[in-house]
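Below is one structure, written out as structure tokens, with a few remarks after it.
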Amino acid sequence: MDISFFDSIQEYFGESQTEPGQYSSLALAYIGDGVFDLIIRTIILDLGSGKVNDFHRMTSNIVKAPSQAKIIRSVFDELTKEEMAVYKHGRNAKSATSAKNSSIIDYRVATGFEALTGYLYLTNRLNRALEIIKLGMERAGFMPIHKYKQLSGKNRGQDAKVRK
């Protein structure tokens, strides 16, 4: 039986001495950002052959703060008390960086989403993170994702909006 990605990392590089609940919200958001990016890149790559610039453009449209904020807002009613607490802790964290191409509100909401994704990953509950992400993407209008492939070439320089 294959072990999880997280377990494989720990097997090869050693188990962390830090429990997931001991990390700061910004540390959770840091790892959650990478996990979410990898999930979206994997989905985009599975669309088939294409130009890397198109893959990047499609990925960037989903992993940016306003999109992440839209995804997490659409699934608030599905989060457990524990998940909502982790999200709120991440959302309220004071970051040294500021929003570049989004409102400060969307940036903070996205930071909460990333913190939750990171927490679920570090607690070896990636399947729960995937469930939340998929449902959020469906509700936020980012699914079916194959439409991005059709739109990516038409809307260069603009955000491709996918309609349900």
Side-chain angles (χ1 to χ4, degrees), residues 1-93 95 97 107-149 152 162:
M1 182 171 120
D2 286 340
I3 60 174
S4 73
F5 179 67
F6 180 76
D7 287 337
S8 294
I9 293 170
Q10 289 197 328
E11 182 179 306
Y12 278 86
F13 297 99
E15 287 192 29
S16 175
Q17 300 303 308
T18 307
E19 293 295 318
Q22 295 176 309
Y23 288 107
S24 72
S25 293
L26 294 178
L28 293 174
Y30 169 77
I31 193 71
D33 177 56
V35 170
F36 183 64
D37 190 71
L38 181 60
I39 291 166
I40 299 305
R41 285 176 183 235
T42 302
I43 294 167
I44 296 294
L45 188 65
D46 196 43
L47 294 176
S49 61
K51 296 179 182 174
V52 174
N53 284 342
D54 289 340
F55 292 155
H56 177 71
R57 190 172 13 275
M58 289 184 278
T59 301
S60 295
N61 187 52
I62 298 172
V63 300
K64 64 185 179 180
S67 297
Q68 288 181 355
K70 190 174 180 181
I71 289 167
I72 191 64
R73 284 181 178 124
S74 72
V75 294
F76 279 158
D77 59 329
E78 303 294 329
L79 300 181
T80 66
K81 287 182 182 179
E82 175 191 21
E83 291 165 350
M84 185 58 85
V86 171
Y87 158 76
K88 285 181 178 179
H89 200 62
R91 179 199 62 197
N92 295 334
S95 174
T97 60
Y107 185 76
R108 289 202 172 162
V109 170
T111 302
F113 170 68
E114 291 171 345
L116 175 59
T117 302
Y119 179 78
L120 291 172
Y121 168 73
L122 290 173
T123 56
N124 213 2
R125 292 185 273 174
L126 186 59
N127 282 342
R128 176 62 179 154
L130 293 170
E131 183 180 300
I132 291 168
I133 291 166
K134 183 178 183 201
L135 181 61
M137 288 178 63
E138 288 170 348
R139 289 183 178 177
F142 293 107
M143 295 290 274
I145 203 155
H146 68 273
K147 288 187 179 181
Y148 278 93
K149 184 174 184 181
S152 67
V162 177

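A quick note: this is a predicted structure, and the numbers were derived from the prediction, not measured.
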Salt bridge (Lys or Arg N to Asp or Glu O under 4.0 Å) filter on R108, not counting sequence neighbours, yields none
Please name all residues satisfying ring-ring contact (aromatic ring centres under 6.0 Å, His included) with F76, sequence neighbours left out, ordered by chain then number.
Y87
Report the residues that fulfil ring-ring contact (aromatic ring centres under 6.0 Å, His included) with F6, sequence neighbours left out, ordered by chain and then residue number.
Y121
Where is the tightest heavy-atom contact between A115 and S25, given as atom of each residue plus distance?
CB-O, 3.8 Å
Quick one, L28 and H89 - any side-chain contact, counting heavy atoms below 4.5 Å?
no
Measuring from M84:CE to R91:CZ, what's the distance to the nearest 0.5 Å?
8.5 Å
So side chain to side chain donor-acceptor pair (under 3.5 Å) across residues 12-21, not counting sequence neighbours, yields S16-Y23
Name all residues meeting the ring-ring contact (aromatic ring centres under 6.0 Å, His included) criterion together with F36; count only those two or more places apart in sequence or in a different chain, and write none if there are none.
F113
Do V109 and E114 come within less than 4.5 Å of each other through their side chains, counting heavy atoms only?
no
Is the closest side-chain heavy-atom distance between E131 and R128 below 4.5 Å?
yes
Would a distance-only check, ignoring hydrogens and angles, find a side-chain to backbone donor-acceptor pair under 3.5 Å from E78 to V75?
no
Is there a side-chain contact between T111 and L26 in this structure, where contact means two heavy atoms from C-beta onward sitting under 4.5 Å apart?
yes
Separation of N53 CG from M58 CE (nearest 0.5 Å)
10.5 Å
dist K51:NZ -> R57:CZ (nearest 0.5 Å) comes out at 9.0 Å
Verdict with reasoning, I71 to R139, per side chain to side chain contact (heavy atoms under 4.5 Å, CB included):
CA-CA 7 Å; I71 289 167; R139 289 183 178 177; over 6 Å; no
Decide whether S67 and N61 meet the rule of one side-chain donor and one side-chain acceptor closer than 3.5 Å.
no
Going by heavy atoms in the side chains, are T117 and I31 under 4.5 Å from each other?
no
Atom pair CD1 (I133) and CD (E138), whose distance is rounded to the nearest 0.5 Å
12.0 Å
Hey, what do you get for CG (L135) to OG (S74), rounding to the nearest 0.5 Å?
6.5 Å
Looking at R125 and E82, is there a salt bridge between them, counting it only when a charged N and a carboxylate O are closer than 4.0 Å?
yes
Just so I know, are the side chains of V35 and L126 near enough to count as touching, which here means a heavy-atom distance under 4.5 Å?
yes
Do D33 and Q68 touch side chain to side chain, with heavy atoms closer than 4.5 Å?
yes
Run the side-chain donor-acceptor check on residues 39-46: report pairs under 3.5 Å with partners two or more places apart or on a different chain.
from : atom 1 : to  : atom 2 : distance (Å)
R41  : NE     : D37 : OD2    : 2.5
T42  : OG1    : L38 : O      : 2.7

Heavy-atom distance under 4.5 Å between the side chains of L120 and V86, does that happen here?
no
